[in-house]
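Taking it in order: structure first as structure tokens, then the write-up.
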Protein chains: 2
Amino acid sequence: MKVTIKDVAREANVATSTVSRVLSDNPRISEETKIRVNEAIKRLNYKPNPIARSLAKNKTRILGVVLPNEADDLLSNPFFVNAMKGMSMYAQSKNYYITYAFSKNKENELENIKEMTQSHLVDGIIMLRVKENDESIEYLKDSKFPFVVVGRPENPDEILWVDNNNFQAMYEVVNKLIQKGHKRIGFVGAIKNLNMSKDRYKGYEKALEANKIKLDQSIIVYKDEFKESEGEFGCRELLKNEDLTAIIATDDLLAFGVLKELRSNKIKNIATVGFNNTQLAQYQKPPLASVDINADKLGYKAAKLLIETLEEEDKTNTNRHYIVKTEFIKRDSFM
Amino acid sequence: MKVTIKDVAREANVATSTVSRVLSDNPRISEETKIRVNEAIKRLNYKPNPIARSLAKNKTRILGVVLPNEADDLLSNPFFVNAMKGMSMYAQSKNYYITYAFSKNKENELENIKEMTQSHLVDGIIMLRVKENDESIEYLKDSKFPFVVVGRPENPDEILWVDNNNFQAMYEVVNKLIQKGHKRIGFVGAIKNLNMSKDRYKGYEKALEANKIKLDQSIIVYKDEFKESEGEFGCRELLKNEDLTAIIATDDLLAFGVLKELRSNKIKNIATVGFNNTQLAQYQKPPLASVDINADKLGYKAAKLLIETLEEEDKTNTNRHYIVKTEFIKRDSFM
DNA sequence: TTGTAAGCGTTATCAC
DNA sequence: GTGATAACGCTTACAA
């Protein structure tokens, strides 16, 4: 029924070890037998059994991904699906498989990770978002299990990660606003102590500085969560400054709230920009300009980094990362 | 370093086969040794190696899912992510893993499926959408590879599937419209020969019939694709009938187009209902009423059906299916 | 009830 | 260059 390496060996009149060598492109094998074996393989339609191979090599070629399960994020944020797609694309090209686990809630993410590392099923793990003081990352680091993080971790030492240049992205957006003539640009952020938040804030700060615009703490607000309602509140606070001409939000959800608040105040002349280029951005009133973070590329590069690390001989180089370009998506709210 | 069944056997002073028996809850094993072995397992923090187990049992406990890669579907339609979540949830509860492959394009879906069936890696496959004359399904059926389909296939014989009752769902929606007083209800569908299309159309037909409303072909249009633009064209055709008071679309994307066309004609008194309860439905002008198909449950049940089939002794019962309830989500467009 | 040993399909080590 | 054969970690007859 199912054809194994033995059948191929018999068919080609060689030992199984020879077939195995042909399979792995071993150099010391004669052209002649290589051809003979390959013909046998084709004739029998032989496919190596990855399970047996995994057992012998102690490597599975399977990568694990733990996804958050909160409906909000997963559905409204194209980030996840896009990142998954990107990872899958690279993995497939390298004959790796990916298995996803949705963690039931925030609390048991570490649980899921532990299970994965101890499962003997995955060679490495990709983490799709970084929390501050991320215990999952701490755990992975301590356990020496190969992993890569999407999003620059707090302490990137000896961690493989992929991220956008959030500083640069924000710097450029604010610059664009300034070039449009804006001088009073409000800032709405959330969860201050995320690396991402810090970087975007710094980008804001430096762009103002580079343009000789004085930083004004009264038009900078931070909220607790990346939620539309928080954006509304934030905007309300900012509107106490009547000279505001633009508002930059560090996330689309916040920006949606800003737009909502502006609408309910019948304000039509304050430019607004968000981050992540969420699906819904284009459907806002007015359509929201946003910074696309290229999630598929983030995923792609994450898988690449992980697989490269898994396959390289000396594992000392544990400190690499990729930066993925962002793209400003101009829409009507940028005015 | 890594602890195997041998270590446990040594620790508990038994043979590896005994440990294996304890692991698999074999009945003929004394309480005493069971306890001893379990203690050893705990002491050594032993986790069975699923790869070795797979090789021995010739079963991997891994399910394969092939996803379409077209940005449209995958991102705008919450169906996929929700279904994936549902599948993942059930699989995890049964200690199964799921591996996803994004097919590069429609053409190579069959390619992906073939690869999966021959990979020796997955025990079964879940198909996430049915085309008409689906060659992937034909292939899977012919190859006797275990699989389940989300969406009732054309010829459901000897196929495991999960779906909504599309007939019923449509019947009820149209009934609701009629009860609201609507008598002239336009119908916009696409891809007529999909089972889903046929069922929804029949629901429409029967609901009219049950309410003694005469079927009028001139207010029924079919387009080529589930796209917003097709919805617009469809609506334009329907509007030739000036007495229309409601339009039912078999998909949210079509309904979006309908709403758009209505808006651009400044028509505000035609009720509209879509299907799938897409993320964007609530953001339409007016917010679109839609039928939620409970995608997570579809995925959950699909995984359940597949796993149950994989685990049952006699494989003769290849003809089961689940029906997942739909839910009408009322929004302003339902008036 | 428990142990022995063969077997799952590969790869890797060691001969020749 | 190629072939035997042990080994990977587990399950499962078959024995005892």
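We name chains A, B, ... by the order of the sequence lines, and we start the count at 1 in each one. Small disclaimer: the values here were computed from a predicted structure and weren't measured.
Backbone-only contact: Pro48(A) has heavy atoms under 4.0 Å from sugar-phosphate atoms and none from a base. Among the protein residues, Asn26(A) comes within range of no part of the nucleic acid, since none of its heavy atoms lies under 4.0 Å from any strand. Within the nucleic acid shown, Asn49(A) comes within 4.0 Å of sugar-phosphate atoms alone, with no base atom in reach, counting heavy atoms only. When heavy atoms are screened at a 4.0 angstrom cut-off, Lys34(B) is found touching no nucleic acid atom at all. No engagement by Val19(B) is indicated, since no non-hydrogen atom pair under 4.0 Å with the nucleic acid exists. Across all strands shown, Thr33(A) has heavy atoms under 4.0 Å from sugar-phosphate atoms exclusively, and none from any base.
Proximity of Thr18(B) to the phosphate of dG3(C): a side-chain N or O atom is located under 4.0 Å from OP1 or OP2. Checking the phosphate oxygens (OP1, OP2) of dG9(C), no side-chain nitrogen or oxygen of Arg53(A) falls inside 4.0 Å. An OP1 or OP2 oxygen of dA5(C) is reached within less than 4.0 angstrom by no side-chain nitrogen or oxygen of Ser17(B). The side chain of Ser24(B) contributes no N or O atom lying less than 4.0 Å from OP1 or OP2 of dT11(D). Distances shown here put a side-chain N or O of Ser20(B) below 4.0 Å from the OP1 or OP2 atom of dT11(D).
Taking a cutoff of 4.0 Å between a charged side-chain nitrogen and a carboxylate oxygen, Lys304(B) and Glu308(B) qualify as a salt bridge. Using a 4.0 Å cut-off between charged nitrogen and carboxylate oxygen, Glu312(B) and Arg320(B) count as a salt-bridge pair. Under 4.0 Å is where a charged nitrogen must lie from a carboxylate oxygen, and between Lys34(A) and Glu31(A) at least one such pair does.
At least one donor-acceptor pair closer than 3.5 Å links the side chain of Thr60(B) to the backbone N or O of Leu121(B).
Applying the 3.5 Å distance criterion, the base of dA4(D) shares no donor-acceptor pair with the side chain of Thr16(A). In terms of polar N and O atoms assigned as donor or acceptor, the side chain of Ser30(A) never comes within less than 3.5 Å of the base of dG1(D) in a complementary pairing.
Residue His120(A) contributes atom NE2, which lies 8 Å from atom P of dC10(D) at whole-angstrom precision. Rounding to whole angstrom units, CG of residue Leu44(A) and P of dG9(C) are separated by 14 Å. If you take CG of Asp25(A) and C1' of dA12(C), they are 17 Å apart, rounded to a whole angstrom. Separating the CZ atom of Arg36(A) from the P atom of dG1(D) is a distance of 15 Å, rounded to the nearest angstrom. Spacing between atom OH of Tyr46(B) and atom P of dG9(D) amounts to 10 Å, rounded to whole angstrom units. Rounded to whole Å, the distance from CG on Leu23(A) to P on dA12(C) is 12 Å.
In terms of position on DNA chain C, the residue among Glu31(B) and Ile51(A) whose nearest nucleotide sits closer to the 5' end is Glu31(B).
Of the candidate nucleotides dT10(C), dT4(C), dA4(D), dT4(C) has the atom lying nearest to any side-chain atom of Arg21(B). The nucleotide whose nearest atom lies closest to any side-chain atom of Ile5(A) is, among dT2(D), dC10(D), dT11(C), dT11(C). In this structure, of dC8(C), dT1(C), dT11(C), it is dC8(C) that holds the atom nearest to the side chain of Ala56(B).
Cation-pi contact between Lys301(B) and Tyr322(B): present, with separation from the ring centre below 6.0 Å and deviation from the ring axis of at most 45°.
Taking the six-membered ring where the residue is Trp, Tyr90(B) and Tyr300(B) present perpendicular rings, their angle passing 60° and hence far from 30°.
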